[in-house]
Enquirer: 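Before I ask anything, let me first share the structure, which is written out below as structure tokens.
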Amino acid sequence: MDESGRIVRRIQLPTPSRSPEAVENAIVESVRELSHGLTVCAVGIGAAGWIDTEQALVRFSPHLAWRNEPLRDRLSERITVPVLVDNDANAAAWAEFRFGAGKGSRVMVCLTLGTGIGGALVINGRMFRGRYGMAGEFGHMTVVPDGHWCPCGNRGCWEQYASGNSLVRDARALLAEGAPGAQDLLSYVADRDPQNLVGPDVTRAAVDGDRLAIELIADIGIWLGRGMANLAAALDPDLFVIGGGVSAAGDLLLEPARAVYARTLTGRGFRPMADIQKAHFGNDAGLVGAADLARHSISEPPGLARGFWPRRRTVRRSRRTLRQSLAETLTGPVVRDK
């Protein structure tokens with residue numbers, strides 16, 4: 001990616017989720033191929049998991065085999081330029097704030113609906129990461145006590161009802177029960193095996209007008225709207241940006257979400273409502289944001305952020321300069337004798 005957010009070269013490899021070493025090998029292979037013939041200044045990794053404040057250690061990943069994995073240091077032994085690791089949703093949010101749908105927002109909540117729900121918060125141009133670097137894990141808020149088990153170890157997490165995984169779970173259940181119209185979804189699966197049905201298959205079917213797929217996407221939107229109303233009560237944002245693979249359904253997802261959000265928002269009718277927009281970069285947001293964060297890390301290393309990183313740079317003026325400016329404002333410029 002260049003400094004304006006434009007992707008100049010890409011490669012995609014399958015993620016070997018059961019082996020940390022295999023994931024590292026895939027990353028290194030990708031970096032080497034992408035770097036051929038180019039001058040690369042830094043490498044950014046958008047990782048699905050809890051990342052420490054140094055942007056180095058993956059403490060836990062619900063969907064990968066990382067447990068207190070020193071990912072940055074391991075990769076730095078094999079990659080010659082600076083490496084930064086951040087949460088994938090943080091990276092996506094930063095991309096949207098810098099170059100996409102979130103430009104100009106004051107308090108932006110970014111939600112990425114993929115395997116789970118990633119979340120991130122940008123306040124006044126600064127990424128809020130929390131004291132320990134793990135803020136924004138909105139997908140693991142409990143919304144249904146004793147509900148579906150989640151890979152994080154808890155039950156009833158929000159992402160079990162408003163994510164790509166929940167979409168697939170419900171679609172496969174309807175296929176297993178022989179629900180009317182469910183078999184039509186198999187036309188979007190290469191081998192027509194219900195166990196090979198994935199979220200993008202349901203999304204494509206919905207976009208093509210399949211009624212059952214549209215209902216399934218709308219159910220995700222309903223849960224999304226409820227969760228956003230809860231987040232608005234806590235954070236009072238001016239913008240929600242919705243990304244991830246499920247967002248490819250567009251208004252089939254967002255219109256139900258907007259309707260439920262408006263109906264359940266605390267203080268509705270007596271407060272401004274946050275705008276809800278589809279992410280500009282789609283599934284590329286994490287790539288763009290990770291690269292830009294890595295670029296920032298060269299001149300502004302993480303670890304000193306105390307909750308926010310990157311920080312907004314401000315120009316501090318001395319007390320004498322401030323007093324002089326105030327005097328000039330009140331009486332005009334002060335002219336001193338030579």
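As the structure is a prediction and not an experimental result, all values here were calculated from the model. Numbering starts at 1 and runs along the sequence shown.
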Enquirer: Grab the two heavy atoms, one from I217 and one from A206, that are nearest each other, plus how far apart they are.
Expert: CG1-CB, 3.8 Å
Enquirer: Is the CD atom of E21 crowded by more than 12 outside heavy atoms at less than 6.0 Å?
Expert: yes
Enquirer: Establish, from distance only, whether the side-chain atoms of N25 and R78 form a donor-acceptor pair under 3.5 Å.
Expert: yes
Enquirer: Do I117 and M141 sit in the same hydrophobic cluster, where Ile, Leu, Val, Met, Phe, Trp and Tyr count as joined when their side-chain heavy atoms come under 4.5 Å apart?
Expert: yes
Enquirer: Name the orientation class of the two ring planes belonging to W50 and F60 (parallel below 30°, tilted from 30 to 60°, perpendicular beyond 60°).
Expert: tilted
Enquirer: Checking side chain to side chain contact (heavy atoms under 4.5 Å, CB included) for the pair C41/I298: CA distance, chi angles, key distance, verdict?
Expert: CA-CA 8 Å; C41 66; I298 297 173; 3.8 Å; yes
Enquirer: Tell me which one of R295, Q55, R72, E54 satisfies side chain to side chain contact (heavy atoms under 4.5 Å, CB included) with L84.
Expert: Q55
Enquirer: Using side-chain heavy atoms (C-beta onward) and a distance below 4.5 Å, is I220 in contact with L113?
Expert: yes
Enquirer: Given L64 and R18, is the side chain to side chain contact (heavy atoms under 4.5 Å, CB included) satisfied, shown in steps?
Expert: CA-CA 6 Å; L64 293 170; R18 299 302 177 189; over 6 Å; no
Enquirer: Restricting to non-hydrogen atoms, name the atom on V202 and the atom on A171 that form the minimum distance, rounded to 0.1 Å.
Expert: CG2-CB, 4.0 Å
Enquirer: Evaluate the side-chain hydrogen bond (donor to acceptor under 3.5 Å, both in side chains) criterion for residues D2 and S4: first the C-alpha distance (whole Å), next the side-chain angles of each, then the deciding distance (0.1 Å), finally the verdict.
Expert: CA-CA 6 Å; D2 66 17; S4 68; 2.8 Å; yes
Enquirer: Are E24 and I27 side-chain neighbours, meaning at least one heavy-atom pair lies under 4.5 Å?
Expert: no
Enquirer: Quick one: sort the W223 and Y161 rings into parallel, tilted or perpendicular, breaks at 30° and 60°.
Expert: tilted
Enquirer: Drop me the distance from T264's OG1 to R226's CZ, to the nearest 0.5 angstrom.
Expert: 8.0 Å
Enquirer: Does L174 offer a backbone N or O that forms a donor-acceptor pair with the side chain of D170 under 3.5 Å?
Expert: no
Enquirer: Report yes if the side chains of L175 and E177 come closer than 4.5 Å at any heavy-atom pair, otherwise no.
Expert: no
Enquirer: Hey, is the main chain of G307 close enough, under 3.5 Å, to the side chain of R131 for a donor-acceptor pair?
Expert: no
Enquirer: Hey, does L57 have a side-chain heavy atom less than 4.5 Å from the side chain of L71?
Expert: no
Enquirer: Roughly how far apart are I242 CD1 and L111 CG, rounded to 0.5 Å?
Expert: 4.5 Å
Enquirer: Can you name the closest pair of heavy atoms from H280 and G100 and give their distance?
Expert: CB-CA, 3.8 Å
Enquirer: So that I can tick it off, tell me whether E96 and K103 are bridged by a salt bridge, with the cut-off set at under 4.0 angstrom between side-chain N and carboxylate O.
Expert: no
Enquirer: So, does R9 use its side chain to make a donor-acceptor pair with the main chain of H36 at under 3.5 Å?
Expert: yes
Enquirer: Let's go through V107 and L121 carefully: what are the C-alpha distance in whole Å and the side-chain angles of both, what is the deciding distance for side chain to side chain contact (heavy atoms under 4.5 Å, CB included) to 0.1 Å, and is it a yes or a no?
Expert: CA-CA 7 Å; V107 179; L121 182 62; 4.0 Å; yes
Enquirer: Going by heavy atoms in the side chains, are N165 and Q160 under 4.5 Å from each other?
Expert: no
Enquirer: S30 versus L13: any side-chain heavy-atom pair under 4.5 Å?
Expert: yes
Enquirer: Is there a chain of hydrophobic side chains (I, L, V, M, F, W, Y, each step under 4.5 Å between heavy atoms) that links L231 to Y261?
Expert: yes
Enquirer: Would E69 and R74 count as a side chain to side chain contact (heavy atoms under 4.5 Å, CB included) if you check the C-alpha gap in whole Å, the side-chain angles of each, and the deciding distance to 0.1 Å?
Expert: CA-CA 9 Å; E69 187 72 16; R74 289 186 185 278; 3.1 Å; yes
Enquirer: I need the minimum non-hydrogen distance between C157 and G139, along with the two atoms involved.
Expert: CB-O, 3.5 Å
Enquirer: Does a side chain donor of either D275 or Q277 reach within less than 3.5 Å of an acceptor in the other side chain?
Expert: yes
Enquirer: Using the ring of each side chain (for Trp, its six-membered ring), is W94 parallel, tilted or perpendicular to H296, with breaks at 30° and 60°?
Expert: perpendicular
Enquirer: Hey, is E29 close enough to R32 for a salt bridge, meaning N to O under 4.0 Å?
Expert: no
Enquirer: Do the charged groups of K278 and D251 touch, with an N to O distance under 4.0 Å?
Expert: no
Enquirer: For a quick test of reading the model, state the closest non-hydrogen atom pair linking L212 to P180 and the distance between them.
Expert: CD2-O, 4.4 Å
Enquirer: Determine whether a donor-acceptor pair (N or O, by modelled atom type, separation under 3.5 Å) exists between the side chain of E159 and the backbone of G116.
Expert: no
Enquirer: Once you round to the nearest 0.5 Å, how far does CZ of R211 lie from CG of D184?
Expert: 11.0 Å
Enquirer: First locate atom CZ of F97, then atom CG of L239, and finally report the distance between them rounded to the nearest 0.5 Å.
Expert: 10.5 Å
Enquirer: Can you get from I45 to M134 by hopping between Ile, Leu, Val, Met, Phe, Trp and Tyr side chains that sit under 4.5 Å apart?
Expert: no
Enquirer: Flag the pair R106 and D238 as a salt bridge only when some basic side-chain nitrogen lies within less than 4.0 angstrom of an acidic carboxylate oxygen.
Expert: no
Enquirer: To the nearest 0.5 Å, what is the distance between CH2 on W309 and CE on M127?
Expert: 9.0 Å
Enquirer: Supply the atom-to-atom distance L224 CG to L254 CG, rounded to the nearest 0.5 angstrom.
Expert: 7.5 Å
Enquirer: If we check side chain to side chain contact (heavy atoms under 4.5 Å, CB included) with L167, which of these qualifies: D201, L197, T203, L253?
Expert: T203
Enquirer: Report yes if some heavy atom in the side chain of P310 is under 4.5 Å from a heavy atom in the side chain of L293; otherwise report no.
Expert: yes
Enquirer: Identify whether the distance between the nearest side-chain nitrogen and carboxylate oxygen of R271 and D236 falls below 4.0 Å.
Expert: yes
Enquirer: Could you see if I7 belongs to whatever hydrophobic cluster contains F281? Use Ile, Leu, Val, Met, Phe, Trp, Tyr and a side-chain cutoff under 4.5 Å.
Expert: yes
Enquirer: Between T142 (side chain) and G156 (backbone), is there a donor-acceptor pair under 3.5 Å?
Expert: no
Enquirer: Can a cation-pi geometry be assigned to R126 and F308, taking NZ or CZ under 6.0 Å from the six-membered ring centre and within 45° of the ring axis?
Expert: yes
Enquirer: If you compare all heavy atoms of A232 against all heavy atoms of L265, which two are closest, and at what distance to 0.1 Å?
Expert: CB-CD1, 3.5 Å
Enquirer: Check whether any side-chain heavy atom of L186 sits under 4.5 Å from a side-chain heavy atom of P194, and report yes or no.
Expert: yes
Enquirer: When hydrophobic residues are tied together by side-chain contacts of less than 4.5 Å, even through go-betweens, does L216 share a cluster with V189?
Expert: yes
Enquirer: Verify the neighbour count for atom CD of E255: are there more than 12 heavy atoms of other residues, nucleotides or ligands below 6.0 Å?
Expert: yes
